[in-house]
Amino acid sequence: HAKKQIGNSYCFNTPNQNNELERYYKIENELRNALRNNQFHIVYQPIINLTHNTISAAEALLRWESPILGHVPPSEFIPLLEEFDLITEIGNWVLQKVCCQMKSWLIQGIKLKRICVNVSPIQFKDTSFVKNLEKILDEARLDPAYLEIEITEGTILDMKESEKILRDLKSHKIGISIDDFGTGYSSLSYLKQLPIDTLKIDKSFIKELDLDGKVIVNTIISMGEHLNHRVIAEGIETKEQLDYLKQQNCHEGQGFYWSKPINADRFQKYIEDFKTMKLKI
Ligand code: C2E
Ligand code: MG
Ligand code: MG
Ligand code: MG
């Protein structure tokens, strides 16, 4: 990484490397102040029940708008938040915002069943994760059963304590979803013993619905059926993809076919429009 070069090779850096180093420090500095400077916001993407054609849930996704760097995608800044040890603080901020938003929607009679929030492995492994979560839910006065956390296969596999944390979350009625499912290395026998509610089929498999893609998708759907997990297909963009997944009895879907992630106001409007128009099915 650019930062690690500074000790011994700074004088040998080419102008290009210096630019890279400069950008790295600029990003670090910006990121450290981003929360306090109100540069983060949260967007929501609907999750649709494919059997009933209703919006059952929403996934909350973090956005960073920097006046200096412009829009930086999560794929770039989430790893940096992890590297700079900021992910737990920001992650808690996200959970707090999202739980309050969900509470407000419920009060307004918007009938979402779940709100889904991504949790980084570092945040998940933090010893006070469940305690913090309890506090956040309590302060938001949100019934924990409405919250579902999304973790990847990697998060639960590289630690023994993960099973304990998952059971702890489950005892609080918090939902657990395995994100990007199929791209990790989880052993099926291990997954079987964990209290998992949802499998989210990674969007790479939906994008390539050729023969191989279909085999993988079908396998995950039937696995979900047997283990009693809800299955969500991520990254649905076309009617063909939707028709295939419905035909295979996939429970829920999410993707640009319905909507990109949008801010809370637009999301609320989307729900209202969806109800009256039964958008696109
Ligand atoms: P993810 O959790 O798998 O989220 C789904 C990603 O797929 C989102 O990208 C979403 O915008 C995108 N997506 C949804 N539908 C479609 C589609 O039809 N086509 C395509 N091409 N993409 C679609 P996004 O928002 O850029 O987030 C990327 C990743 O960053 C997320 O993947 C998640 O791992 C991470 N992330 C985002 N917000 C947070 C957060 O608050 N905390 C943590 N720890 N990670 C987050
Ligand atoms: Mg996710
Ligand atoms: Mg993810
Ligand atoms: Mg995913």
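Keep in mind that this is a model prediction, so the values were computed, not measured. Ligands are counted one by one from 1 in listed order, and the atoms in each one are counted from 1 as well.
Coordination check, Ser177 versus the Mg ion (ligand 2): failed, since every N/O/S atom of the residue sits at 2.8 Å or beyond. Within the coordination shell of the Mg ion (ligand 4), defined by N, O or S atoms under 2.8 Å, Asp179 is present. With a cut-off of 2.8 Å, the Mg ion (ligand 2) has no N, O or S atom of Asp180 in range.
Checking only distances, Phe256 does come within under 3.5 Å of ligand 1, N or O to N or O. Not a single N or O atom of Gln254, backbone or side chain, sits closer than 3.5 Å to an N or O atom of ligand 1. Ligand 1 has a nitrogen or oxygen under 3.5 angstrom from a nitrogen or oxygen of Glu234. Between Ile78 and ligand 1, not a single N/O pair is under 3.5 Å apart.
Evaluation of the salt bridge (charged side-chain N to carboxylate O under 4.0 Å, His left out) test over residues 262-272, restricted to residues two or more places apart or in two chains, returns Lys269-Asp273.
Using a 4.0 Å cut-off between charged side-chain N and carboxylate O, Glu76 and Arg63 make no salt bridge. The existence of a salt bridge linking Lys214 and Asp210 is excluded, since no basic side-chain nitrogen approaches an acidic carboxylate oxygen closer than 4.0 Å. Salt-bridge formation is detected for the pair Asp197/Lys170: a Lys NZ or Arg NE/NH1/NH2 atom is positioned less than 4.0 Å from an Asp or Glu carboxylate oxygen. The residues Lys135 and Glu139 are annotated as salt-bridged, a charged nitrogen and a carboxylate oxygen being separated by less than 4.0 angstrom.
The shortest separation from a heavy atom of Glu59 to ligand 1 is under 4.0 Å, placing the residue in contact. Distances from ligand 1 to the non-hydrogen atoms of Pro261 include at least one value under 4.0 Å. Lys260 does not count as a contact of ligand 1, since none of its heavy atoms falls under 4.0 Å from the ligand. Not close to ligand 1: Gly91, with no non-hydrogen atom less than 4.0 angstrom away.
The Mg ion (ligand 2) sits nearest to atom OE2 when only the N, O or S atoms of Glu59 are considered.
Aromatic ring pairs are classed by plane angle as parallel below 30°, tilted from 30° to 60° and perpendicular above 60°; the pair Phe124 and Phe129 is tilted. Classified by interplanar angle (parallel below 30°, tilted 30° to 60°, perpendicular above 60°), the ring pair Phe40/Trp93 is tilted.
Looking at Leu61 against ligand 1, both its backbone and its side chain come within 4.0 Å, counting heavy atoms.
Counting the atoms of ligand 1 from 1 in the order shown, those under 4.0 Å from a heavy atom of Gln45 are 14 (C), 15 (N).
Rounded to 10°, the angle formed at the Mg ion (ligand 2) by OE1 of Glu150 and OD1 of Asn118 is 90°.
Here the two rings, on Trp105 and Phe267, have centers that are under 6.0 Å apart.
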Exercise. Under the side-chain hydrogen bond (donor to acceptor under 3.5 Å, both in side chains) rule, what do Lys200 and Gln254 come out as? Steps first, then yes or no, please.
Key: CA-CA 10 Å; Lys200 292 188 87 165; Gln254 175 183 355; 2.9 Å; yes

Self-check item: Working for salt bridge (charged side-chain N to carboxylate O under 4.0 Å, His left out), residues Glu163 and Arg167
Solution: CA-CA 6 Å; Glu163 185 169 349; Arg167 300 217 176 277; 3.2 Å; yes

